[in-house]
Every structure is written in structure tokens, then in C-alpha cells.
Amino acid sequence: MFDEHSSDMRCLLGILDILFSILSFALAMWIQSDIPPIKVISSSPPFFILPLLLSLLIFFLSYFDAYHSPHSASNLFYTVSVVKSMTATLGLFFAFIFFLDITYINRLTLTFAGIILVGLITSRIIVIQYFHYAVRHGKYLLKILIIGSGKRALSLSHSLTDKSEWGIDIVGYLDIDPKLIGKEVYKGHVIGTVEDIDSILKNHVIDEVIVAIPRTMLADVDEIAHACEDEGVKFRFMADIFNLAATRISLIKLAGVPLLTLEPVALDESKLLIKRIMDLSLTLLALPFLLPILGIIAICIKLDDGGPVIFVQERVGLKKRLFPMLKFRSMHVNAESMLKDIEHLNEADGPNFKIANDPRLTRVGRFLRRTSLDELPQLLNVLYGNMSLVGPRPMSIRDVKLFNKGIQRKRFSVKPGITCIWQISGRSDLSFNKWLELDLQYIDNWSLSLDLVILLKTIPVVLLRKGAV
């Protein structure tokens, strides 16, 4: 919902967490060293670790939803979130100081953790108690005037009253038809027409005006918007006038022009940054162990038929941008020209092309395909940034041209990857429609934890060669 008080409360919790962390650390140092609290910050060397601890703690508190709205949270929910956050913080922190061989701050950190744990949980219990008190007494009740009284207005009023966190009071409805004045609508009545907007705003306490009228009535919005501007009342309108299934709607100003943005796929930019950091970290950690394997494979391919080691093919990536995807060459050098002669043997449905015993495969290539080792060079694509470890498989230009449904191209709204849900659900044994369904399922339900689960499940699937062709 649009309750600003929930945002304010999250900011307050964040500030309290920072203050509690500083005070808890000072108290922990005092307990450990008997230094007076006032002198702790300025005179104790271990205080340098506080920024690291604080950064980790705030990050994990956010990640584990410890700033979740009290409307749908409980004391137990907050307690579990805080405990998870503290456990993750201590785990990473102790790993850090272990590599730096800093052992004298272990007891200090544990003392700090015990103190701050109590503070974090207590502050959230107080927040929940205050929230319920404020709701019971209507302290932040939002008074709404709705423009319209039809189906869209009724749907809006139901959503407002059912999902508002701090409470909604529908002052009334306005319609263009004077005959509807007095008509009972959900939680209110039609109290006037659109022409009465000035007097209604002048004589009633109204926090916000929301327009819920069809496209045919958009000409009336101008007068309403100006009336709200004159009275200093917040003005909103329902942005579903185009009947699009947008998952995120935002308004930005570009060169002074307000632009309403409807996005069919909502991806959190901060989490995408973490995903990118995770891609780089895991790839860089894996490469030293994989380099000998890469070298051996390259030698085997070269000895097999003397052709090039790497096969480069343009694939369709994020936002349909083309990029060169790298693979170990598993087919004969003239495989592309052979495709026309064997296309009638295709065993896959949909636009993709698969043959169980593809005659274009070399001896080494057949083994590489069965073990998925031919995909390893795509780690360089991950480092370069045009692929991710997890995401829908990048498709060839030929396959994309054979798409027969618009929604199939929704898969280009995210960066392609080396593995995805299809990889752990049957791989080449799946039909094209099922493959696409799993890709769209990944896009609609994407999260960092889902990526980790897919990566972990991919390992046994590849080792057991399930569904590989």
C-alpha cells in the first residue's frame, strides 16, 4: 500500500538499529575492558571493526525482512528475522577475522551480539505494540475521496480497505451523473458530482483524491487535478486504464515531463547488483580449479580433428541484444551447413533443434555434451556481463525467429544464464512449451535464494547426466 507511515517506521527502525549497535558495541567494550563508556569510542583500537559489523548487520536485517511492515508481521516473525540476521552477520564476520588472524576480538563480538540481539528484538516489539495502538485509535486514518462509482471505483475501495495498513476512511464518491447522488457504494455514498470537487475539498477533511474512472472520462481529470493542486490535496489516479498486467508501475520526470512507467517484469535493482556480485565471486573462485580441466578439454578437441577449440555463435540476450556466446566446439567444423540436410530429423517440438544421435557431433564433442563440459567457456560470458550463472538459456537467432507467441519473448527481459529451472527439471527431456513455462516461472518468481537453490541442484543433475543430449 501507499501508507507513508510504514516507510517512516522502517526508517525509524533503521536509525534505531544503528544507534543501538553503536551503544551496544560501546557497552560490550566496557564490559570486556572496564574502560569507562565515554572513553570507549576514542581510546579502544577494536572499535575499527564496528563499521564492518554494522554494515553486515544492516544488510542482513534488510535481506531477512527485519524491516517488514508491522501490519503483516508478529513478534515471532521479527524475532526469527533478527536471529537469522545476527547468525549470518557473525558467520561472515568470523570468517573475515579468521583470514586476518584477529583472535582477540572474538569475545568482544559475542558480547556485542548478545546485547544488540536484545535491543533489536525489543525495538520491534515496541513498534508492533505502537502500530496496533495507532490503528485502534485511528491515529493515522487516511481520508480518501474517490472519483467514480462504477466497477473500477468499487474494486479500488475494496482494495483500499482490505489492504491498508493504518486504516482508510472513504469520505465519499463523486460521479458525473447527478442522478447517482446519494447512491450507496462500498463504505460510503456518492456525495456529489465532478463539478462539485471545489466545494467538496473545501468543506471536508480529505487527505487524498483517487481517480477511478474509465478512459472515456479522462477529459474530466484536468479539472479535478487543478482543484486538488489549489487545495494542497494529494492527487492519484488508477494506472490500470490500459488493462495491462504490469508488475511494477512508477512515475518519473524526464526533462521536466512526467512519465508513467508500466513494467511487465519487476526486478529489484539492488538485488540485481547482488546477483552480479555473486556471479563474479563464484566464477572467480571456481576458475582456478577449472583451468586444468579447461586446458585438458582444449587439447582433446584439438587432437580430435585439428579444428578450433572454441565455438562462437551469436545468441539473443537481454532485451534481445545479440552477443557472442562461447562454447567448447562439440561438432564438426561444417556443422552449420549440415543443419539444412538434417533439419527434418528434429526430435524437439517448438523452435529449438535437438537430435539424440546428432551426426554433426565429434567423438570428443559427444562426451562434452553428455557431461555439459562444453558449456564451461560461458563462464567468460558471465565475467564479461552478457550472461549470468542462473537465467533462461540464450537462444540462437534461428530459434527466436520461429517463436509464434509474444509471451515467449518475455524471457528476454532478464539476462540469460548457464543454468535455470529447466536444467534441474529434465533438461532435453522437456517439451519446448514446458521449457518456456519454467523460464517464465523463473522470471516471475526470481529471487537470490532461488538462484542459490538452482545452482546447488544443478551440480548433481550434471554429474548424473540427467536429460543431457
Side-chain angles (χ1 to χ4, degrees), residues 1-7 68-73 131 135 138 140-197 200-201 204-229 231 233-252 258-267 406-407 410 440 443-445:
M1 280 297 295
F2 50 84
D3 296 298
E4 285 83 356
H5 301 297
S6 296
S7 178
H68 197 78
S69 169
H71 172 71
S72 53
F131 169 78
V135 171
Y140 299 107
L141 199 65
L142 203 62
K143 292 185 174 294
I144 301 292
L145 175 67
I146 297 177
I147 310 298
S149 62
K151 291 181 180 179
R152 299 181 76 245
L154 187 61
S155 173
L156 172 66
S157 57
H158 274 284
S159 297
L160 291 176
T161 53
D162 292 344
K163 298 178 182 179
S164 174
E165 296 179 354
W166 297 83
I168 291 287
D169 176 24
I170 298 178
V171 176
Y173 299 80
L174 299 185
D175 202 286
I176 59 171
D177 189 354
K179 295 178 183 179
L180 296 178
I181 295 177
K183 171 189 172 184
E184 185 176 351
V185 191
Y186 184 72
K187 299 289 185 180
H189 296 80
V190 177
I191 59 175
T193 65
V194 173
E195 285 78 10
D196 300 322
I197 183 68
I200 296 291
L201 293 179
H204 291 78
V205 176
I206 295 174
D207 295 307
E208 299 188 7
V209 172
I210 306 180
V211 174
I213 55 178
R215 289 194 299 266
T216 55
M217 295 173 57
L218 287 180
D220 299 305
V221 173
D222 188 60
E223 180 184 348
I224 299 168
H226 282 100
C228 291
E229 183 181 21
E231 295 288 337
V233 175
K234 187 175 293 185
F235 170 77
R236 301 180 189 267
F237 71 94
M238 292 178 67
D240 63 343
I241 54 176
F242 303 107
N243 298 318
L244 296 177
T247 57
R248 184 165 63 179
I249 299 173
S250 58
L251 183 66
I252 63 169
L259 300 176
L260 180 67
T261 305
L262 293 87
E263 299 177 72
V265 178
L267 298 175
I407 195 169
K410 186 177 180 180
L440 297 180
I443 294 170
D444 293 335
N445 299 284

| message | Going by side-chain contact (heavy atoms from CB on, under 4.5 Å), I206 matches just one of L142, V233, I144. Which one? | response | V233

| Are D207 and K143 within salt-bridge range, i.e. N to O under 4.0 Å? | no

| remark: Smallest heavy-atom separation, V205 atom then V171 atom, equals O-CG2, 3.8 Å

| remark: Shortest non-hydrogen pair, L156 vs A212, comes out as CD2-CB, 4.0 Å

| note | All heavy atoms of D196 vs all of G192, minimum pair found to be OD2-CA, 3.5 Å

| query | Hey, are the side chains of F235 and V221 touching, using non-hydrogen atoms and a 4.5 Å cut-off? | reply | yes

| request: Can you spot which of L145, I224, T193 makes a side-chain contact (heavy atoms from CB on, under 4.5 Å) with L174? | output: L145

| If every non-hydrogen atom of G172 is compared with every non-hydrogen atom of I191, which pair is closest and at what distance? | CA-CD1, 4.1 Å

| said: Any non-hydrogen side-chain atom of I170 less than 4.5 Å from a side-chain atom of V185? | reply: no

| Interatomic distance, I181 atom CD1 to H189 atom NE2 [nearest 0.5 angstrom] | 13.0 Å

| task | For G148 and D175, work out which heavy atoms get closest and say how close. | result | C-OD2, 4.2 Å

| query | Looking at CD1 of I168 and CD of E208, how far apart are the two atoms once the value is rounded to the nearest 0.5 Å? | reply | 7.5 Å

| remark: Distance col, row I147:CD1 vs R236:CZ, nearest 0.5 angstrom, shows 14.0 Å

| said: How close do L141 and G167 get, counting heavy atoms only, and between which atoms? | reply: CD1-C, 3.4 Å

| Can any side-chain N or O of T161 pair as donor or acceptor with the backbone N or O of S157 at less than 3.5 Å? | yes

| request: Mind checking side chain to side chain contact (heavy atoms under 4.5 Å, CB included) for H158 and listing every partner two or more places apart, or none if nothing turns up? | output: L154, D162, Y186

